Every structure is written in C-alpha cells, then in structure tokens.
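Accompanying notes for the structure given below.
In what follows, chains are A, B, ... by sequence order, proteins preceding strands, each numbered from 1. Note that this is a predicted model, so its numbers are computed, not measured.
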Amino acid sequence: MLKDFFLDEVETAIENAISNNKLGEMTNYEKGTLSVEKPKNAEFGDFAINVSALARFAKFSPPQIANEIVANLTTKDCEINVIGGFINFKVGSEFFKSLIAEIFTEKENFAKPKNIKKEKILLEYVSANPTGPFHIGHGRWAAMGSALANLLKFYGHEVTQEFYINDAGAQINKLGKSLKIRIQQELGKTADFPTDEVERKNYYAGEYLIPIAKKYIADGYQSQDEDILADYAKKEMLNLQKALLKDFRVDFDVFYSETDLHNSGKVETCVKKLQDLGKLYEQEGAIWFKSSEYGDDQDRVIKKADGANTYLTADIAYHLDKLERGYDRLINIWGADHHGYVARVKASIEALGYNPNKLEVLLGQLVNLVISGEQVRMGKRKNMVTLDELIEEVGVDATRFWMSMRNIDTTLDFDIELAKTSSDENPVFYVQYAYARACSILRNAVTEKIDIETGNKTPALISEEDLLALSQNYDKNILAPIFEEEETLNSARKLMLKLEEYKSLIRFSVQNCLVYTICRYVQELATDFHSFYTVSRVITSDMAMMKARLALVLATKTVIQNALTLIGVTAPEKM
RNA sequence: GCGUUCGUAGCUCAACGGAUAGAGCGUCGGCCUCCGAAGCCGAAGGUUGGGGGUUCGAGUCCCCCCGAGCGUACCA
C-alpha cells in the first residue's frame with residue numbers, strides 16, 4: 001500500500017543520507033520511528049511523513065532533516081514538498097492507474113495481504129444462556145463478532161466461531177420450574193408465578209415460554225418432571241436462538257455445551273490438574289484457586305462448601321480445552337459486566353502453564369435503546385426489547401450496521417427511529433444509496449433511451465461487452481482523461497485515494513480487532529463517491545471520458561460491496 | 001472504598017504522542033430542463049470535565065479531583 005511505499009522510500013533516503021554523512025550524528029537511530037499520516041490540509045499533498053522525531057538523533061532541526069532526506073529521495077511520479085518537519089507527497093497518475101488495475105484484478109480479494117503468518121484463532125462470542133430470547137445487547141456481540149470473524153478470515157487467518165452454551169447450573173432449574181407453570185396454565189390448571197418479588201426471581205416469568213409450553217403439549221409429552229422440562233425448554237430455546245442467528249447472518253462453527261463439558265469429565269480433570277500443580281487449597285470447607293498469585297485481586301472459589309463447582313470452574317476448564325485444541329489465539333467478546341472475570345481466567349491459563357496473552361478479551365460496553373429521544377436502559381425487564389423484535393422493526397442491515405458502527409468500549413445508543421428512517425440521518429441508507437446509485441449509472445450506460453413524447457430511440461452509449469471489458473481487460477490508459485480535466489480532478493483523486501485507503505484500513509482493523517472502522521470507512525467512501533458523482537457527469541458522448549469515469553464507478557462499486565460484505569450488510573442494486 | 005470503561009461542537013461519535021482537534025445529525029444559506037436531490041456545496045458552532053506533571057510537542061501518557069456506566073458472590 002502507498003503508506004508503506006512512502007515510508008520505505010523515506011527510510012531508504014535516510015540510510016543514504018546517513019552513509020553520505022549528511023544527517024548529523026544519528027547515533028541511536030533505529031528504523032521504525034517514523035510513520036505515515038494524512039496531511040491536515042489536502043493542498044499539502046496526499047501523504048505526509050513527519051521527521052521531527054529524528055531531531056534528537058540527528059541534532060538538526062526538523063526542516064533541515066526533511067530537506068536532507070528529500071535530497072536523497074528518488075521517488076518517481078510524485079510531487080514532494082517540505083513544510084516544517086513534514087515531507088509531503090502528492091501522488092501522480094500512474095499510482096492511480098495501477099490502483100484501479102489492482103481492484104479489477106483482485107475484485108473481492110482487493111486488500112487481502114499476500115504473505116501473512118496465518119494464525120489459528122478461536123473467536124468466542126454471544127455465549128448466551130438458553131433460558132430466554134436474546135436481548136439487544138446480544139445483538140451487538142453477534143454483529144461485531146461475526147464481522148470480526150469475516151475480517152480475520154479475509155485477512156487470511158483461520159477462524160473458528162464458537163458459541164458457549166451456558167446450559168448448566170441453577171438457572172436451568174429455574175427454567176424447568178417456569179415451564180412447568182406455563183404448561184399447567186395451558187392445561188387449564190390454576191398455576192402462576194409467585195407475586196412476591198424475591199420469590200419471583202426464582203422463575204422466568206416472561207411470556208416466551210408460553211409457545212414452548214404449547215409445543216410440549218402438542219408434541220404429546222406428558223412428564224411434569226422439572227429436569228425433563230428444563231431439558232426440553234433449553235433445547236427449544238437454543239433452536240430459537242440458532243434460527244435467529246442465521247437470520248442475522250451470524251454463522252457459528254461450534255456450539256459448545258457447558259453440560260457436555262461437565263459430562264465429559266473435563267472439568268474434574270482440570271480441577272485435578274490445578275490440584276496437582278499445587279494451585280488449590282482448602283479453606284472454610286471450600287476449595288480455592290490461588291489466582292492472586294497471577295495478578296487477580298483475590299483468590300477464587302473453585303469448589304463450593306456443598307461440593308458443587310462454581311461457574312468459574314467450568315469456564316477455566318473450557319478455556320483449557322480451547323488451548324488444548326491448539327489455537328494460537330483465543331479471542332472472547334464479553335459484555336463489560338463480565339470484566340471481573342478476565343483476571344481470573346487469565347490467571348488460570350497462566351497457572352496451567354500457558355501464556356495468558358493468548359487470551360484476548362474484548363470487553364464491550366452495553367447498549368442503550370433510544371426510543372423517542374429517551375434512553376431506555378437495557379436490563380430493566382419491563383422495557384427489555386428482544387433482538388428479534390428489534391430486527392423485525394428495523395431490519396437486519398440497519399441492525400447490523402448500527403450495532404457495529406461504534407467503538408466497542410463506548411456504550412452504544414441505538415436509536416430505533418433513526419435506524420428505521422430511509423434518509424440522510426441513517427448511515428446505512430446513505431451507504432446503500434451510494435451503491436445503488438453506482439449500479440444505476442452502470443445500468444443506464446448500457447440501456448437505450450426512449451423519448452417518451454416522440455418515441456425516438458437513442459442507442460446505449462456503450463455495449464455490455466465493452467463495459468465488461470473495462471474491468472476484465474483493463475487498460476491503464478483508459479483512466480487518462482480523468483487527469484486532464486482540472487475542475488473534476490480533485491473529487492476523482494479524493495475518491496481514488498479513499499479506495500486506496502481500504503488496504504490500510506483492513507490492516508489497521510485486523511491489528512486492533514476493530515469493526516467500527518469499516519463502518520466509518522464505507523461512509524466516507526460513499527461521501528467521496530457522491531461528491532465525485534455530483535461534479536462529474538459519467539454518461540456522456542465523450543467516449544474516452546465516459547470510460548474513464550465508468551472505470552471509477554466500477555471500482556467504487558466493488559470496494560463498497562467488499563466492505564459491506566465484511567460487516568454483513570447487503571449491497572442493493574436498487575432501492 | 002477498590003477495580004474497570006468512559007467524559008471531545010446542541011446531539012451521536014472520530015482523531016498510530018504530531019501541522020489550524022475532525023465527521024454525521026440538528027440549525028442557517030445555496031444547488032435539480034441532464035446519470036437516483038434518499039444527493040451535493042457552504043456557514044455558524046470547541047478553553048477536549050477541572051487542576052498539576054512528563055515531552056521539542058498531550059484530547060492521547062502519569063498523578064490528584066469532579067461526574068457517569070459496569071463490576072466488586074461459596075449466582076450463572
């Protein structure tokens with residue numbers, strides 16, 4: 001990518017200048033102190049490198065250093081200027097011609113790096129209890145997690161998407177008890193949840209169990225045994241969750257059951273392992289894990305006084321199992337309400353002899369629903385909106401985009417009304433509109449015109465074959481007219497630079513496990529395309545110019561589509 | 001109390017330790033006989049919660065306050 005290219009050029013020039021003894025002392029200089037950025041003012045250039053950081057090595061002033069480096073630069077097809085300590089580069093037309101060629105050749109693989117060290121990554125997210133429907137917070141993890149998986153895979157990594165089913169423990173008893181009441185109600189018997197608030201907390205009183213109760217009866221089951229009911233309910237809930245995930249374009253490779261983990265004996269094996277390593281001790285009838293030896297605030301109970309394992313115990317065993325399955329990296333997306341667990345799980349990983357840095361936990365802040373301009377805090381039962389209700393209301397595209405568009409460590413305000421509007425207030429529609437507009441231009445270019453009043457037909461300005469050939473047999477010189485028209489050149493350059501930026505965007509996003517950056521990018525790309533469109537008439541009798549601009553439209557269409565695919569949003573040809 | 005994530009324009013958010021802190025929405029003002037005006041262009045709008053410090057340079061790093069969310073179980 002161009003960023004790397006200019007950095008290489010400058011670093012080479014620095015080495016040359018040093019060997020010619022033109023850069024002062026430079027005694028402790030090491031490569032890697034410089035970076036490429038975007039000039040604050042576009043008139044300065046397209047890329048900038050600030051060499052001020054070299055001042056302390058060279059003992060020269062930044063402008064002197066910059067000028068000395070420029071004197072040693074051999075970069076072609078490029079305007080270079082120095083302002084203060086900044087070396088600015090303005091890219092020439094050949095770079096752009098090659099860029100469009102690259103997009104046409106690579107298509108959906110544009111920006112995929114060629115030689116990376118492939119990592120085996122386990123990405124765990126959502127991991128909900130099978131005791132109720134997903135709430136909107138789960139939607140955030142689902143959207144972000146699947147987008148991150150798409151991104152890491154695109155980059156060339158091997159990614160397993162895993163859902164840990166929390167189907168063990170006291171909550172499951174609650175589920176069985178609750179279903180029993182619903183079934184009895186369906187059978188016309190008098191049964192209801194306790195009215196006492198404290199008592200009621202031992203039940204799931206939500207109406208979502210009613211259809212499951214109906215189905216249980218319709219399936220011809222008789223048993224009122226709470227364990228059997230619990231088992232039935234959790235299977236049904238899980239199926240509902242799986243169906244919703246599919247509709248939401250979230251594709252898990254593995255659903256890992258906590259119950260299976262227990263039944264397989266892996267939990268006990270793990271406890272024994274910790275025991276053998278001397279990481280456990282007994283106190284007040286419980287077994288404790290010395291997690292404080294590994295950075296945790298305090299030790300944690302592994303086995304309660306009643307002999308039962310804690311939730312943490314299973315989680316430790318689960319992460320050990322992940323490690324034993326041979327992954328290079330474990331990435332978890334957890335809600336911020338679980339952040340206290342990070343230190344303990346990492347402590348367990350270290351205690352078991354693995355590198356705790358193999359586990360990266362992305363802590364996500366929660367989601368607030370905004371209805372009529374008012375924040376409705378998640379978790380307040382009466383106002384809880386389920387994910388399927390939200391999707392039904394605003395659609396998959398808008399939900400996925402909104403859930404992905406903010407940095408994971410800021411609480412997300414999900415404004416339902418805004419997400420529903422088809423206007424400029426809604427970034428999803430703004431981006432999709434740009435895509436549809438590009439498609440429309442391409443359609444019009446190959447469609448004959450009929451004058452409604454006279455009935456006269458005007459043939460299409462370009463044949464479908466010729467349009468196809470633009471990208472399939474791309475000739476660099478097709479782009480030339482773009483650079484010959486002063487008044488539209490700026491918007492076209494801006495658009496092409498944004499297309500080029502996709503490469504550094506992908507790398508940056510992968511390195512930092514970010515997804516919102518893609519949402520931002522695709523909005524910016526849409527903006528640059530709209531601007532280009534406004535000043536540049538694409539379909540025109542000037543055949544050379546039309547082909548040049550059509551090539552840009554085609555390239556833009558490709559990149560918008562690629563970016564939207566990563567975040568799981570559709571790119572509609574018409575709206 | 002302790003831990004943790006935050007505090008940036010009226011609102012929602014950006015900004016690898018680097019140039020005059022940027023976008024979108026909202027507000028105000030322009031642009032359609034022509035490819036989708038669901039669009040474009042422009043303007044106003046800021047002491048980056050406050051105070052110290054480190055640095056050639058701090059919204060960013062460190063310390064102290066103030067404010068908010070989330071944790072702080074032998075629950076899951």
Side-chain angles (χ1 to χ4, degrees), chain A residues 3 35-41 44 48 50 52-53 55-56 61-62 83-86 88 129 131 166-172 174 258 283-288 297-298 300-312 314-315 335-343 363-366 368 370 373 377 379 405-413 415 418 421-427 429-430 432-434 436-445 447 449 461 491 504 508 511-512 516-517 520 523-524 526-527 529-540 546 549-550 553 574-575:
Chain A
K3 265 185 162 184
S35 61
V36 185
E37 52 197 281
K38 234 184 277 179
K40 275 291 171 251
N41 187 335
F44 296 164
N50 183 355
S52 305
R56 62 196 156 105
S61 75
I83 304 174
F86 288 88
N88 297 303
N129 300 333
T131 55
N166 273 281
D167 58 355
Q171 52 185 340
I172 299 300
K174 274 166 70 172
E258 185 186 346
Q283 191 182 316
E284 292 165 13
I287 310 284
W288 297 68
D297 300 337
Q298 54 172 272
R300 306 289 169 179
V301 170
I302 281 292
K303 229 177 236 304
K304 297 184 257 181
D306 66 5
N309 292 318
T310 61
Y311 175 77
L312 175 66
D315 225 20
D337 51 339
H338 286 81
H339 86 258
Y341 266 76
V342 178
L363 286 175
Q365 297 297 315
L366 305 183
N368 293 323
V370 176
R377 198 138 291 151
M405 69 195 270
R406 299 288 180 229
N407 195 332
I408 193 167
D409 56 21
T410 93
T411 45
L412 175 72
D413 282 328
D415 189 319
L418 270 193
T421 56
S422 339
S423 77
D424 49 3
E425 296 171 55
N426 189 344
F429 282 85
Y430 180 79
Q432 290 184 323
Y433 177 66
R437 184 179 242 180
C439 293
S440 173
I441 295 168
L442 297 172
R443 273 196 306 272
N444 287 333
T447 306
K449 296 278 179 300
L461 286 166
S491 71
S504 40
F508 180 78
Q511 283 172 345
N512 298 288
Y516 78 93
T517 43
R520 290 186 75 82
Q523 288 180 73
E524 289 164 5
T527 297
F529 178 67
H530 285 311
S531 299
F532 163 78
Y533 167 91
T534 304
V535 298
S536 312
R537 174 86 200 171
V538 178
I539 297 174
T540 155
M546 179 169 78
R549 290 179 174 159
L550 281 174
V553 173
K574 287 182 183 173
M575 293 174 73

The contact string for nucleotides 29-36 of chain B, one letter per nucleotide 5' to 3', using protein heavy atoms under 4.0 Å with B, S and - for base, sugar-phosphate only and none, comes out as -----BBB
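- Across the protein-nucleic acid pair, A:M405 atom CE and B:rA23 atom C1' stand 11 Å apart, rounded to whole Å.
- When rounded to the nearest whole Å, the span between CG of A:D315 and C1' of B:rC74 equals 17 Å.
- The residue A:P62 sits apart from the nucleic acid: no heavy atom pair falls under 4.0 Å.
- A:S491 is linked by a side chain to side chain contact (heavy atoms under 4.5 Å, CB included) to A:F532, A:V535, A:S536, counting only residues two or more places apart in sequence or in another chain.
- Note on A:Q171: only backbone sugar-phosphate atoms sit closer than 4.0 angstrom, heavy atoms only; bases stay farther off.
- In this structure A:T310 satisfies the side-chain hydrogen bond (donor to acceptor under 3.5 Å, both in side chains) test together with A:T313, sequence neighbours excluded.
- When the side-chain hydrogen bond (donor to acceptor under 3.5 Å, both in side chains) test is applied to A:T517, the partners found at least two apart in sequence or on another chain are A:S509.
- For A:E524, the side-chain hydrogen bond (donor to acceptor under 3.5 Å, both in side chains) partners two or more places apart in sequence, or in a different chain, are A:K498.
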Under 3.5 Å, which protein N or O atoms sit close to an N or O of nucleotides 15-18 of chain B? Give each pair with its distance.
| from | atom 1 | to | atom 2 | distance (Å) |
| --- | --- | --- | --- | --- |
| B:rA15 | OP1 | A:Y516 | OH | 2.7 |
| B:rC16 | N3 | A:S35 | OG | 2.6 |
| B:rC16 | N4 | A:S35 | OG | 2.6 |
| B:rC16 | N4 | A:E37 | OE2 | 3.1 |
| B:rG18 | O2' | A:N50 | ND2 | 3.1 |

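- Checked against salt bridge (charged side-chain N to carboxylate O under 4.0 Å, His left out), A:R300 has the following partners two or more places apart in sequence or in another chain: A:D296.
- Applying the side chain to side chain contact (heavy atoms under 4.5 Å, CB included) rule to A:T534 yields no partners; only residues at least two apart in sequence or on another chain are considered.
- The salt bridge (charged side-chain N to carboxylate O under 4.0 Å, His left out) test applied to A:R406 returns no partner, not counting sequence neighbours.
- No hydrogens or angles were tested; on distance alone, a donor-acceptor pair under 3.5 Å links the side chain of A:E284 to the base of B:rC74.
- Both key distances under 3.5 Å define a Watson-Crick or G-U pair, and stretches of 3 or more such consecutive pairs in RNA chain B run B:1-7 with B:66-72, B:10-13 with B:22-25, B:27-31 with B:39-43, B:49-53 with B:61-65.
- Side-chain atoms of A:D337 and base atoms of B:rA76 include no donor and acceptor less than 3.5 Å apart.
- The ring-ring contact (aromatic ring centres under 6.0 Å, His included) search around A:F44 returns none, not counting sequence neighbours.
- Residues forming a side-chain hydrogen bond (donor to acceptor under 3.5 Å, both in side chains) with A:T527 (at least two apart in sequence, or on another chain): A:Y430.
- When the C1' atom of B:rC6 is taken as reference, atom CG of A:L363 falls 13 Å away, rounded to whole Å.
- For B:rG71, the base has no donor-acceptor partner in the side chain of A:H338 [N/O atoms by modelled type, under 3.5 angstrom].
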